[in-house]
There are 2 protein chains.
Amino acid sequence: MKVTALEEYGLRCMILLAKSNHSMTLPEISAREGLSLPYAGKLLMILKQAGLVKAVRGRRGGYVLSKPPHEISLTEIFAALGEPVFGPTHCERYSGDGDCCVHTEDCTVRDVWGAFNEFVSGYLDRVNLAELANGRKELKISSVEKPEEHKSITPENNILNS
Amino acid sequence: MKVTALEEYGLRCMILLAKSNHSMTLPEISAREGLSLPYAGKLLMILKQAGLVKAVRGRRGGYVLSKPPHEISLTEIFAALGEPVFGPTHCERYSGDGDCCVHTEDCTVRDVWGAFNEFVSGYLDRVNLAELANGRKELKISSVEKPEEHKSITPENNILNS
DNA sequence: CAAAATCATTACAAAAATGTAAAGAATAAT
DNA sequence: ATTATTCTTTACATTTTTGTAATGATTTTG
């Protein structure tokens, strides 16, 4: 399970734009994120084609978010930058030697990924860009430093045990 | 966010071994999973080095799980096959142009991935190989077909809102 | 012991993801 | 209009992941 480069850097650019009050040019963005100018350009182009940012050419131009940050979920951002953990192409992609996977039906692995994907999606749906841009302290404290206080998943409400 | 080939096929091999009562040879495993023999060999070697399976050479040889399936969590399996979503190498890996990331401290992105990783880990910790091998019907029904019944994440217990 | 079966290791080939380069097109300021 | 600024597009180079090939080592069986 791996976060792709596009997802990492794309998310950073979105957060950067969310924190900024004016529009930002590619040179600004690339400098602020430590990315090369062409790579920043490629990233922003992907975000633009997904409808997440708007671009204005020429002097005084640059990029701005196309919606207010609180209306943009992590789901939207990741959908623009890559495929979900378990998407429609999964079974075709991991078909082994043949054209189609040997587990044609009653596939245990597919069930695992499907359930996992739903679990993850539920999380991403509920986080928006405004929350990230504001740098919530609770995020770090409650989740990284005190894992034992996680109420999100318990044996009782774990969907795998329901 | 992407499931790697090693994770996909490695998990399948583990499930296959969990379902089998006798030891399985590489030719058997590769045939059952639609993988080439050398690739199956590479996979099982990785699993062996992680201590998840044991190998016996020569006639009557093959692979068996090194522990009963209910004692093997998804966390262990994925740890053997790849890195976590957000691991110790993350900030170094995605450092952009420089040697270290421009977000040296108070990094919003790091907080996001850290929280997300904890969330995911909590899930994987609670699923074991025996559950997967038994092919739980509830897995599919409750998670894929009735997403609205997910109690796992609600605005009240979402750690991002705590 | 010899032969067949089986796992182990190393090096290499192919494909995909990642990142760079260079030239093009649009806009606003002067 | 011209120029500087800025986004856009296409093609290519590099690196990582994925998968293959070939050879070596170990064990059981007869």
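Just so we're on the same page: letters track the sequence lines, and every chain starts at 1.
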Considering only dT9(C), dT6(D), dT9(D), which nucleotide approaches the side chain of Met45(A) most closely?
dT9(D)
Hey, is Glu28(B) close enough to Arg32(B) for a salt bridge, meaning N to O under 4.0 Å?
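Not counted as a salt bridge, because no side-chain N and carboxylate O are separated by less than 4.0 Å.
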Is any side-chain N of the basic residue among Arg110(A) and Glu8(B) closer than 4.0 Å to the acidic one's carboxylate O?
no
Protein-nucleotide distance ([X], atom [atom1]; [N], atom [atom2]), rounded to Å:
| X | N | atom1 | atom2 | answer |
| --- | --- | --- | --- | --- |
| Leu37(A) | dA23(C) | CG | P | 16 Å |
| Arg59(B) | dT28(D) | CZ | C1' | 7 Å |
| Arg57(A) | dA26(C) | CZ | C1' | 4 Å |
| Lys48(A) | dC7(D) | NZ | P | 11 Å |
| Leu81(A) | dT18(C) | CG | C1' | 14 Å |
| Ile29(A) | dT5(D) | CD1 | P | 18 Å |
| Leu43(A) | dT9(D) | CG | P | 15 Å |
| Leu26(B) | dA8(C) | CG | C1' | 10 Å |

Is the ring pair Trp113(B)/His90(B) parallel, tilted or perpendicular, if the boundaries are 30 and 60 degrees?
tilted
Can you work out whether Tyr39(B) or Gln49(A) has the more 5'-proximal nearest nucleotide on DNA chain D?
Gln49(A)
Could you pick out which residue, Arg60(B) or Arg93(B), lies toward the 5' side of DNA chain D when each is mapped onto its nearest nucleotide?
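Result of the comparison: Arg93(B).
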Closest nucleotide of DNA chain C for Val56(B) versus for Tyr94(B): which of these residues is on the 5' side?
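Its nucleotide being nearer the 5' end, the pick is Val56(B).
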Result for 5'-nearest mapping on DNA chain C, choosing between Asp97(B) and Ala55(B), is Ala55(B)
Of the residues in residues 1-14 of chain B, which ones touch DNA chain D at a heavy-atom distance under 4.0 Å?
Thr4(B), Ala5(B), Tyr9(B)
Can you give me the closest heavy-atom contact between Ala80(A) and Ala50(A), atom names plus distance?
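Result for this residue pair: CB-CB, 3.3 Å.
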At their closest point, which heavy atom of Ser73(B) faces which heavy atom of Leu124(B), and how far apart are they?
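Closest approach of Ser73(B) to Leu124(B): CB-O, 4.0 Å.
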Looking only at side chains, do Glu7(A) and Thr4(A) share a donor and an acceptor under 3.5 Å apart?
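Result is yes, a qualifying pair exists.
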Have Thr75(B) and Asp125(B) got a donor and an acceptor in their side chains that come within less than 3.5 Å?
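Present: a donor and an acceptor within the cut-off.
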Side-chain N or O of Ser36(A) versus OP1/OP2 of dT20(C): is the shortest distance under 4.0 Å?
yes
With sugar-phosphate meaning primed atoms plus P, OP1 and OP2, does Gly41(B) contact a base, only sugar-phosphate, or nothing at under 4.0 Å between heavy atoms?
nothing
Please work out if Lys42(A) contacts a base, only the sugar-phosphate, or nothing of the nucleic acid, heavy-atom cut-off 4.0 Å.
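Base contact.
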